[in-house]
Amino acid sequence: MKEKIVNIIDEILRKKEFPSVNYSLEPSKNPDFGDLSANAALLLAKQLKKNPRDIAKEISAELEKHTDIFTKVEIAGAGFINLFVNNSVYLNVLPVILEKQSEYGKSKINNGKKANLEWVSANPTGPLHAGHGRQVCLGKAIANLLEWSGYEVTREYYYNDAGNQMNNLAKSVYARYMQKFDKDYPFPEDGYNGDYIRECADKIFAEKGDSLKEPDNLDYFKETAEKNNFDKIRSTLQTLGVKHDIYFNETDLYKNKDIEKLLADFKKMGASREEEGAVWLKMDKSRFQKDKVIVKSTGEPTYRLPDMAYHINKIKRGFDYIIDIFGSDHGDTYKEVLYGMELAGYKTDNIKVIIHQMVTFKIGDQSVKMSKRSDNVYYLDDLINDVGVDATQFFFVMRAANTHLDFDIELAKEQSDKNPVYYLQYAYARISGIFRNAKENLPSDIFGNEFKLDLLNAPEEIDLLKVLSGFPEEIVNVSQTLEPHKIITYLNGVAESFHKFYHNNRVINTEDMETTKARLKLCLAAATVLKNGFEIIGINAPERM
RNA sequence: GCGCCCGUAGCUCAGUCGGAUAGAGCAACAGCCUUCUAAGCUGUGGGUCAGUGGUUCGAAUCCACUCGGGCGUACCA
């Protein structure tokens, strides 16, 4: 609908031969200012050096001709054009929602394009801890959002089982294993200290007895621990309904020589230098503090080089849009990776990196520890057990990614109106209740396709339709910024409008079947939007609560 | 020290490519259930948008500085 109005305004501006300006057409905050407000005249006034109210007058005279859409066009304040939209415009959205159902809100703007979303990508050194949840849930919602905007989405997990951390893991399990025979056997200083390490050692002991006491070969420990950990990670992801299409293995980049070739390219073009036995990538001093090591003096690459090769690989696979989600602890490193790729001659403008800030978990005033190195870790599984899948998903997606998140476990656990998840889900459950009632007590032809739109004329009914009509536009906007918390803000508005409607207008009224019919349709439309929105943010639509 | 992110109601946070009277939930207070779920609705109170200065018709939003918090600043990933 908004698109239609924008087209009308654009047409008028073109006819008047005004310079093009990037004006806004926003829902008015105050009902006195109509449904929508445009600031085009204010911006034009600056350029044309004319009185903004005069320009507004010219534009609004044209707008007033569209009586099918506008009931009133007003000029207000410094030169805002306030548009009062005809109710029929909103009413006509209802049949559209009913027809499209689970497709309502889906956009085609990115049809035919392929997106790659890489997230989680936790190394298999242990189970996911609660802090990982933010990324898991955020990525789940963003992947959905991309699909709703038309992309074909590949969900990818970068599986990194090379490097020192895995040796460290093996040594940790080995030490726990050896402690079965000698309880004073030293545990590595920077070893992984969680219970899962002991479990893994127990398992190995149960299967292999004392046959692995010789420390010359830790491979078995490494492989077993790695498999154990990754199974745990995948099981947690499954609980949250996350399924990756591709697990990209870092070792493949060694096998197919991508890393070797990239290193050779850097050398050939003089982008790298050797010092103290290590290879350094020459960094742009205006953007980075100093050069970065890409191959250690031991001959092993640092994480940067494989990361560059990995992202080059993604580009070569032909994605139109490549998205990574990282925690703020990686906030600087991705810039190095992108810089390296640019040095190697690849364009990185279709790569978007989402950085989310850290999470503090709180029970009352007490914060919960999350370090992998300490014994008492709050795992993502623990969190899900404590608060449930929906609350976990909702709380992680509820806030903008780039602000710190305080996760109030007590609040998320709360099965009451204090919990913000329920406000939304309750609206859906209420509608389901109405339909249960209607099925039991009304003749089945009440659900027929014919109904009288114009019986919907209560202010709450029109308001609800206004909100519902904004859903497709909301998806388009949010899919551009990839900020799913805005969907929640929007759905809150839907729930609020519905609750108000429900409170003031009884749906099922056996005295007036025609109104009942129309209102049931409105309820169905509201349920459709809620359910579609829930699907994007990744929570369930409960029929009863 | 330097880089990135953040600072909005008692609490948790929306709003930030400049727009009209800064919003929501919770908490507090006062109302509303013989009718489809009161996990709801209605109303009241609550703000120097961290601070100072600047840019302009207009700043929570942009710029500079200051203060406060988080994360980086590894031949860890």
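Below, all heavy atoms of this structure are taken into account, side chains as well, without hydrogens, waters or symmetry copies. Each chain gets a letter, A, B and so on, in the order its sequence line appears, and its residues count up from 1.
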Counting the atoms with a prime plus P, OP1 and OP2 as sugar-phosphate, which does [X] contact under 4.0 Å by heavy atoms, base, sugar-phosphate, or nothing?
X	answer
A:Q415	base
A:E511	nothing
A:H404	base
A:I294	nothing
A:N492	nothing
A:F288	nothing
A:N505	base

Watson-Crick or G-U counterpart of [N], or none if no pair lies under 3.5 Å:
N	answer
B:C67	B:G7
B:G72	B:C2
B:A20	none

With no angle test and no hydrogens, is the base of [N] tied to the side chain of [X] by a donor-acceptor pair under 3.5 Å?
X	N	value
A:N82	B:A20	yes
A:S37	B:A20	yes
A:Q165	B:C76	no
A:E300	B:C75	no

Would you tell me if any nitrogen or oxygen in the side chain of [X] comes within less than 4.0 Å of OP1 or OP2 on [N]?
X	N	value
A:Y423	B:C41	yes
A:H503	B:C36	no
A:K292	B:A77	no
A:Y303	B:A74	no
A:T403	B:A14	yes
A:K500	B:U42	yes

Comparing A:A400 with A:V293, nearest RNA chain B nucleotide closer to 5' gives the residue A:A400

Looking only at B:C5, B:C75, B:G19, the nucleotide nearest the A:L43 side chain is B:G19

